[in-house]
K.L.:
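Right, I'll just put the structure down here and ask away after.
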Amino acid sequence: MALISGGGIEVDLPSGWDAEIYQRPADQGASSVLGLQEQTNAVLHAANFALPSLRGDFGSGAVELMTDADLLIVLFEHNPEDAAAPLFETQGIPLPLSPDDFAPGQMQRTLSGLAGSQRFFNAAGRAWCLYVVVAELELAALVSIANDVLASLDLQEI
Amino acid sequence: MTAVVIIMGIALLLLGVLVLGLLRSHADILKQLHDLGAGDRANRTRPPLRTRPGVPTPRTGVTPAHDIIGSTPSGGTLKIGIEGSTGLTLLAFLSTGCLSCRGFWEAFAREDLALPGGQTRLVIVTKSLEQESTSQLNKLAPAHHPTIASSEAWDAYDVPVSPYFILIDGSSGMTLGEGAAATWPQVDNLLTQAMADLGVAPSTDSQGSGTAARSGAAREAKVDEELAAAGITPGHPSLYPEDSADEEESE
């Protein structure tokens, strides 16, 4: 196991896992067109397979590479002022995840052989979306592994 | 007659002394050779291996695989899983400040870069951000391959110089090859040779299973698969050239 941290996120990951904690630079182009200032926040990607360098915040670019034994965890922070919104009313990381929580329709984009689960919650005064994608073939085993990893997750105020 | 016998006796005595002297001299030579280790391969002390200046001395042991934790060029946190991972990982230890690394940064920026092993994952490892030029690193880091800044990785892999390359088979945790070279074609050639020597077949299979194709059962299975794809299945006439020759003769 190896502890990684950044952006007020700390998680203990098994050997062989890839992970990245980052905060994407704001999209200046969109800001100038819409006259709005995009706000970006912390994102965690953790996977039991090699993550490609080019990925979307919700794992696009990575989920397409997943095989029958793969698991991807995405933790996406929304703007802190949203933490009080009804969508994020659940206090703390909603664990454990159950295999029944997973369905292909929960994916950002449906992909054959994969199932996803999305949970919204607030922790440390911050608004979060937990998005987990697993291979359906090993659903129960992979959800169990995801629960083990997520149990080590520590979210802090920043 | 008595005189002849006495002369012959003296001559025999002199010859004996001469032979004894020669035997003693020979024994001294053998003793000195033994002290130098000649003829005793097991106990011979090898002289230290010398290399040209700037060329690192080859390691005597195998470098074990380690996961790498460090920073992205933009300051995020990155973990690259290597231990127990499937497939091959090529670690390229580069620096923003080394002139001989420039060619590699440029080569790795190419989207059509072919890596030995087909499905090999390239990971560029620099020293930690405080020891690199972050503005340069952000310019040089290729978009399609992860770049991780981690001085700890340089220590863990005992990297002697930059640029330096280590090819790892994650499933076995084994280093397949490592070394320094001046250009990417040289590195590609060295790694391909190392893989061939170890029976790890470079694969250009776009469906790559993610594991190194090895000699033995896996290699046999791959050959069977390729033969089947070409329409050559068990019992195919082309597999029995002698029978074919007999048939031709009978016709």
Side-chain angles (χ1 to χ4, degrees), chain A residues 1-27 40-57 61-62 64-77 135 145 149 152-156 158, chain B residues 64-92 108-109 111 113 115 117 119-125 129 138 140-150 152-153 156 168-173 206-211:
Chain A
M1 301 292 276
L3 195 69
I4 67 162
S5 62
I9 301 171
E10 190 173 274
V11 65
D12 209 4
L13 295 167
S15 295
W17 277 49
D18 265 27
E20 182 173 356
I21 301 172
Y22 67 93
Q23 184 171 345
R24 184 171 48 77
D27 186 342
T40 61
N41 301 291
V43 180
L44 162 71
H45 288 174
N48 66 347
F49 61 96
L51 286 170
S53 290
L54 299 176
R55 305 182 306 274
D57 285 343
E64 293 84 352
L65 305 177
M66 289 177 69
T67 66
D68 290 343
D70 291 345
L71 156 64
L72 171 70
I73 294 172
V74 174
L75 187 66
F76 180 91
E77 184 188 13
I145 294 169
V149 170
S152 73
L153 193 62
D154 183 18
L155 303 177
Q156 299 141 5
I158 51 172
Chain B
H66 308 280
D67 286 358
I68 298 177
I69 296 175
S71 304
T72 63
S74 57
T77 305
L78 186 62
K79 177 178 185 288
I80 300 291
I82 297 172
E83 296 175 55
S85 63
T86 56
L88 304 178
T89 303
L90 175 61
L91 300 178
F108 297 157
E111 280 186 50
L113 177 75
L115 292 162
Q119 296 296 307
T120 302
R121 182 188 198 193
L122 171 65
V123 177
I124 298 159
V125 190
L129 293 180
N138 277 295
L140 294 169
H144 293 84
H145 305 286
T147 299
I148 184 166
S150 171
E152 292 76 14
I168 297 168
D169 177 15
S171 54
S172 67
S206 61
Q207 304 265 320
S209 63
T211 54

K.L.:
Where along residues 46-54 of chain A does a heavy atom come under 4.5 Å of chain B, listed by residue number?
P.N.:
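A:Ala50, A:Leu51, A:Ser53, A:Leu54 fall under the 4.5 Å cut-off.
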K.L.:
Could you tell me the separation between the CD atom of A:Glu20 and the CD1 atom of B:Ile148, rounded to the nearest 0.5 Å?
P.N.:
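Rounded to the nearest 0.5 Å, the CD-CD1 separation comes to 9.0 Å.
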K.L.:
With chain B, which of A:Thr67, A:Leu13, A:Leu44, A:Ile21 has the greatest number of heavy-atom pairs at distances under 4.5 Å?
P.N.:
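Most pairs with chain B among the choices: A:Ile21.
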K.L.:
Looking at B:Pro146, B:Gly170, B:Ala143, B:Ser71, which has the largest count of heavy-atom pairs under 4.5 Å with chain A?
P.N.:
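Sorted descending by pairs with chain A, the first entry is B:Ala143.
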K.L.:
Does any N or O in the side chain of A:Asp18 come within less than 3.5 Å of the main-chain N or O of B:Ile80, such that one atom is a donor and the other an acceptor?
P.N.:
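No; zero donor-acceptor contacts below 3.5 Å.
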K.L.:
Please flag which part of B:Ile69 lies under 4.5 Å from any non-hydrogen atom of chain A: side chain, backbone, both or neither.
P.N.:
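The side chain, not the backbone.
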K.L.:
Does anything in residues 1-9 of chain A reach chain B? List residues with heavy atoms under 4.5 Å apart, or say none.
P.N.:
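Near chain B, by residue number: A:Ala2, A:Leu3, A:Ile4, A:Ser5, A:Gly6.
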K.L.:
Go through the atoms of A:Pro25 and report whether side chain, backbone, both or neither lie under 4.5 Å from a heavy atom of chain B.
P.N.:
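Looking at A:Pro25, nothing touches chain B.
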K.L.:
Distance from B:His66 atom NE2 to A:Ser15 atom OG, nearest 0.5 Å?
P.N.:
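Answer for the NE2-OG pair, B:His66 versus A:Ser15, is 11.5 Å.
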K.L.:
Working to the nearest 0.5 angstrom, can you tell me the gap between A:Gln23 CD and B:Thr72 OG1?
P.N.:
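The CD atom of A:Gln23 sits 11.5 Å away from the OG1 atom of B:Thr72.
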